[in-house]
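Here the structure comes first, spelled out in structure tokens, and everything after it is commentary.
Reminder, nothing fancy here: chain letters follow the sequence lines and each chain counts from 1.
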Number of protein chains: 2
Amino acid sequence: MKRPTVQDVAREAGVSPSTVSRALHTRGYASPDVRDRVRAAAEKIGYVLDHNARNLRSRTSTSIGVLISDLRNPFYADLAAGIEEELRAAEYQMVLVNDNADPAEEMRAAETLLAMRVPGVIVTPVTADCPRMLQDNGVHVVCADRELRRSGGDVVLSDNKAGARELTEHLIGLGHSRIGLLIDETKWSTGAGRLAGFRAAHVDADLTLDENLIAYTSFDAEAARRTTRDLLGQQPTAIISANNVLAQGALAELKDRRLKIPRQISLAAYDDVPWMSLVEPALTTVDQHTVELGRSCARLLLARIREELPTRRRIVRVAPRLIIRGSTGPAPRA
Amino acid sequence: MKRPTVQDVAREAGVSPSTVSRALHTRGYASPDVRDRVRAAAEKIGYVLDHNARNLRSRTSTSIGVLISDLRNPFYADLAAGIEEELRAAEYQMVLVNDNADPAEEMRAAETLLAMRVPGVIVTPVTADCPRMLQDNGVHVVCADRELRRSGGDVVLSDNKAGARELTEHLIGLGHSRIGLLIDETKWSTGAGRLAGFRAAHVDADLTLDENLIAYTSFDAEAARRTTRDLLGQQPTAIISANNVLAQGALAELKDRRLKIPRQISLAAYDDVPWMSLVEPALTTVDQHTVELGRSCARLLLARIREELPTRRRIVRVAPRLIIRGSTGPAPRA
DNA sequence: CTGTTAGCGCCTTCAC
DNA sequence: GTGAAGGCGCTAACAG
């Protein structure tokens with residue numbers, strides 16, 4: 001299956017290959033009539049540029065690597081959708097890889113992207129090694145959603161501390177003083193920020209936080225459910241789950257116990273995903289503007305690639321928004 | 001940022017560039033000791049293959065194009081996740097493009113993929129032009145989820161007719177004789193199949209289907225909600241929504257009306273997505289095995305690319321599975 | 001089993 | 001404003 005090349009277009013238009021190249025892409029270097037003739041010729045014989053040849057010649061590529069943990073989680077899907085939208089508008093392509101939050105997979109993917117000579121990668125990093133290795137090889141990196149110590153690269157984050165603080169304040173404002181926090185990780189900036197916001201709200205309100213109300217679990221709905229069961233032993237009047245996956249488990253457990261939400265117990269989540277407005281009562285949660293987060297990542301990366309930015313590392317913090325729905329209400333009288 | 005090339009590895013290992021190439025990739029064409037030496041050298045100087053150069057030379061690529069309508073819809077996200085999983089295992093990469101179900105975007109994306117010289121594309125086609133154009137240019141195409149008249153290419157489908165029939169039979173078995181169908185499109189094989197299954201179940205049960213019970217709407221939850229309102233005027237005792245988006249609208253309307261599900265009316269969906277098991281009552285629906293659908297697409301495409309298949313067009317039909325949950329129950333006494 | 005040679009298709013000098 | 005020449009990094013074809 002042989003496809004037409006610039007040579008063929010050149011012959012058809014009666015000009016040289018270099019003129020074809022200029023007429024088709026470089027701006028201003030060809031007279032208008034030649035340009036038209038070349039374009040017509042290209043169209044006529046069905047010429048399609050060869051990215052591989054162009055990339056080889058110019059040592060770049062318009063493919064951008066996107067490394068995420070789990071496309072089936074709406075958070076990552078939205079993030080990827082935002083990234084893709086922005087890349088497409090700029091005529092870049094998105095090479096999407098699921099690394100399942102596995103360091104080895106992540107590293108393998110990074111190597112593949114190196115081989116593709118992508119100019120940049122957006123990653124929700126599992127370890128700092130991956131972003132670092134990419135940068136050591138001259139690839140621009142934007143870390144999305146979390147910041148790792150010594151990962152380097154630009155970062156786009158949701159302001160987790162502010163979001164969690166606002167959410168916690170909302171509950172405190174409703175009279176809750178025993179608020180349980182269901183959380184999986186606090187090593188990454190994501191969980192750490194949410195925990196910090198949770199604590200900060202307590203401090204601001206002069207409330208002593210019973211450490212037993214912080215329930216550590218693993219990133220999986222079933223585990224969250226069991227942890228919620230334990231947490232209920234601490235007699236909280238409200239529960240915050242640190243992300244959308246944990247919220248599923250928490251909700252399942254509360255429903256299973258036939259606890260009236262929010263009359264007997266309030267439930268709030270972090271990271272708004274569609275199902276939270278479909279359940280009854282709908283869940284109070286923090287919207288991370290995930291799609292916009294993705295768009296920001298892409299814009300930042302593209303600016304880097306075009307060298308429009310000062311070398312200094314940039315950290316973009318996207319303000320989240322508290323969405324109050326029916327699942328949170330006044331604390332029950334003791 | 002100059003990266004090491006085969007030349008550099010060759011010098012380091014004391015062999016020729018072609019031997020490096022063979023030792024690194026082609027199997028069996030280099031003696032074990034040379035192979036080891038070359039690998040060690042490559043590792044030592046941090047050599048990474050250049051896909052662009054290889055693709056140019058060998059006129060192939062290991063990137064596969066995936067064209068879908070909307071990554072934020074869990075159906076497409078799951079499909080993409082299944083595809084990516086299988087491609088990654090085979091050391092292929094996924095270039096993912098959202099076309100927003102817009103024919104122009106779809107065509108633009110197809111041209112980009114042509115420029116990338118991808119050997120194959122998986123697409124949820126909006127028009128037949130896109131798959132056809134790709135095939136005319138020697139690209140293997142697998143159409144996912146729907147079959148378009150004269151699109152050509154292999155197809156991987158959920159057996160929509162069987163699924164809808166089984167779901168309808170389930171309702172008929174519960175005594176429902178006025179079942180409303182909320183559906184958006186019937187031009188594509190997807191909607192057409194579901195409608196056909198719905199009709200077939202009625203025929204099998206010797207039930208005359210009141211055509212007013214088929215409510216056409218557009219692909220959007222809000223529209224579905226309004227259509228549901230109208231449909232309720234026809235006094236159905238059960239409603240089937242033809243996909244996950246329409247189901248949101250239908251559920252919202254029923255809840256808004258304070259109709260007891262399933263006591264006053266049964267609700268069932270098509271295409272199982274996570275929220276359907278979180279709402280109360282959980283929705284009876286048909287699981288399309290979407291991730292597996294995606295895997296099938298990728299496997300089929302890869303087999304094509306490796307020329308392991310007879311030229312004849314292949315149509316894979318994945319059997320869906322009825323999931324009965326709490327939202328469907330006996331028809332209320334008239 | 002290994003080396004030499006010759007491009008893949010493009011674009012960027014450099015001349016004119 | 002346009003053409004000629006060369007080479008990006010790799011591997012297929014051909015010798016040896």
Kindly say whether B:Asp145 contributes a backbone atom to a donor-acceptor pair with the side chain of B:Thr190 at under 3.5 angstrom?
yes
Evaluate the side-chain proximity of A:Arg54 to A:His25: yes if any heavy-atom separation is below 4.5 Å, no if none is.
yes
May I have the distance from B:Asp36 (atom CG) to C:dT2 (atom P), rounded to whole angstrom?
12 Å
Here the residues of residues 48-56 of chain A within 4.0 Å heavy-atom distance, strictly under, of DNA chain C are A:Leu49, A:Asp50, A:Ala53, A:Arg54
Check whether any side-chain heavy atom of A:Val66 sits under 4.5 Å from a side-chain heavy atom of A:Val97, and report yes or no.
no
Provide the closest heavy-atom pair for B:Ser151 versus B:Cys143 in the form atom of the first, atom of the second, distance.
OG-SG, 3.9 Å
Taking CG from A:Asp33 and P from D:dG1, how many angstroms apart are they, rounded to a whole number?
11 Å
Is any side-chain nitrogen or oxygen of A:Ser21 closer than 4.0 Å to OP1 or OP2 of C:dC11?
yes
Phosphate-side-chain proximity, B:Arg59 and C:dG9, N/O vs OP1/OP2 below 4.0 Å
yes
Salt bridge (charged side-chain N to carboxylate O under 4.0 Å, His left out) partners of A:Arg11, counting only residues at least two apart:
A:Asp8
Partner residues of A:Asp154 under the side-chain hydrogen bond (donor to acceptor under 3.5 Å, both in side chains) criterion, sequence neighbours left out:
A:Arg304
Compute the angle between the rotation axes at the two ends of the helix from C:dC1-D:dG16 to C:dC16-D:dG1, each taken over five pairs, rounded to 10 degrees.
30°
Separation of D:dC8 C1' from A:Arg117 CZ (nearest whole Å)
11 Å
Using the rule given for side chain to side chain contact (heavy atoms under 4.5 Å, CB included), can you reason through B:Ser63 versus A:Val95, listing the C-alpha separation, both sets of side-chain angles and the distance that settles it, and then say yes or no?
CA-CA 8 Å; B:Ser63 292; A:Val95 177; 5.6 Å; no
A:Val142 vs A:Val155 side-chain heavy atoms within contact, under 4.5 Å
no
Regarding A:Arg39 and A:Asp36, does a basic nitrogen lie under 4.0 Å from an acidic carboxylate oxygen?
no
For B:Val34 and B:Arg57, take the nucleotide of DNA chain C holding the closest heavy atom to each; which residue's nucleotide lies nearer the 5' end?
B:Val34
Phosphate oxygens OP1/OP2 of D:dG3: is one of them under 4.0 Å from a side-chain N or O of A:Ser16?
yes
Any side-chain N or O of B:Lys2 below 4.0 angstrom from OP1/OP2 of D:dC8?
no
Within the distance-only criterion (no hydrogens, no angle test), does the side chain of B:Glu185 pair as donor or acceptor with the backbone N or O of B:Lys187 below 3.5 angstrom?
yes
DNA chain D contacts among residues 3-11 of chain B, heavy-atom distance under 4.0 Å
B:Thr5, B:Val6
Between the protein and nucleotides 13-16 of chain C, list the N/O to N/O atom pairs that are separated by less than 3.5 angstrom.
none

May I ask you to decide if B:Asn100's main-chain N or O and B:Asp70's side chain share a donor-acceptor pair within less than 3.5 Å?
no
Let me see the working for B:Thr112 and A:Gln93 under side chain to side chain donor-acceptor pair (under 3.5 Å), right down to the final yes or no.
CA-CA 9 Å; B:Thr112 303; A:Gln93 293 80 47; 4.8 Å; no
